[in-house]
Amino acid sequence: MKTQILITLMMLIFFSCSKENNEPSNAENIITTSGLNFVPNLLNCNLGDTIFFELGATHNAIEVSEASFNANSSTPLENGFEFDYGSSGYIVAEELKTYYYVCTPHLPNMKAQIIVN
Ligand SMILES: [Cu+2]
């Protein structure tokens, strides 16, 4: 009897820890668009979090460098994320950094940040 309980417990622990790394895991990190804004325009999240994007039809989201962000440029960051107009998708925050991203046609106003803690 004790052994059965132990085995059940170990299976539970095993299955709860074997979550795929790149599967969406945190439903609270959602970025949408409203008017000419990303909502929220500043998102704080934790390392390893999944961040979902749900963009309106007239908006895209292009990751840019901090310098481009400050210069209101939509030049894509090398190996950065890019979500097309009206698309949905997600990224996994795999680096301790600040992600800067913009909506190409709505610069200089429509830009936002994700800070990974
Ligand atoms: Cu836009």
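First listed ligand is number 1; within each ligand, the first listed atom is number 1. Heads up: numbering here begins at 1 and tracks the sequence.
Formation of a donor-acceptor pair under 3.5 Å by the N117 side chain with backbone atoms of C45 is found in this model. Remark: side-chain polar atoms of N60 are paired, donor with acceptor, to backbone N or O of T104 under 3.5 angstrom.
Applying the salt bridge (charged side-chain N to carboxylate O under 4.0 Å, His left out) test to every pair with at least one member in residues 97-117, sequence neighbours left out, gives these pairs: E63-K97. Within the structure, salt bridge (charged side-chain N to carboxylate O under 4.0 Å, His left out) contacts touching residues 35-45 (residues at least two apart or in different chains) do not occur.
Residues satisfying the side chain to side chain contact (heavy atoms under 4.5 Å, CB included) criterion with S88, sequence neighbours excluded, are E54.
Here F38 and Y101 bring their ring centres to under 6.0 angstrom of each other.
With a cut-off of 2.8 Å, the protein N/O/S atoms near the Cu ion (ligand 1) add up to 4.
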